[in-house]
Amino acid sequence: MAGYKVENTYIKHGLVDNAEDKIEETVQPVLDAGTAKGWTLHSFQATAAAKGTNLVFVWQLPD
């Protein structure tokens, strides 16, 4: 049976800041760290949160 790990990351940004740049800068290191551990990205979701963006990574762990 496959195992999974869920990681939440919050990016704080204001209304004036360019959120797209902050998301890209935050997502890539998380992806790199997960794949270095041998995990496979199962799904990813970004949702608006109070004054920021919540990123949810669901990783499938190796057997």
Side-chain angles (χ1 to χ4, degrees):
M1 181 173 200
Y4 296 91
K5 175 170 178 51
V6 176
E7 286 186 300
N8 283 313
T9 302
Y10 180 74
I11 303 171
K12 184 176 179 181
H13 54 79
L15 296 175
V16 179
D17 291 341
N18 190 348
E20 293 82 8
D21 291 342
K22 288 188 175 188
I23 291 172
E24 183 178 339
E25 291 171 0
T26 303
V27 169
Q28 192 60 55
V30 174
L31 294 174
D32 292 343
T35 56
K37 294 175 185 176
W39 302 347
T40 302
L41 185 64
H42 179 273
S43 60
F44 168 80
Q45 183 173 2
T47 56
K51 298 183 181 179
T53 304
N54 187 49
L55 308 175
V56 179
F57 299 84
V58 178
W59 296 98
Q60 183 173 348
L61 305 176
D63 292 333

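- Note that the CG atom of Leu41 and the CD atom of Glu7 stand 10.0 Å from one another [nearest 0.5 Å].
- Rounded to the nearest 0.5 angstrom, Leu55 CG and Thr47 OG1 are separated by 8.0 Å.
- Rounded to the nearest 0.5 Å, atoms NZ (Lys12) and OG1 (Thr53) are 13.0 Å apart.
- When side chains are defined from C-beta on, Leu31 counts as touching Trp59, because their heavy atoms get closer than 4.5 Å.
- Between Ala49 and Tyr10, the closest heavy-atom pair is CB-CE1, 3.7 Å.
- In this pair, Phe57 and Phe44 present their aromatic rings tilted. The plane angle is within the 30 to 60° band.
- Cluster membership for Val56 and Ile11, using ILVMFWY side-chain heavy atoms within less than 4.5 angstrom, is not shared.
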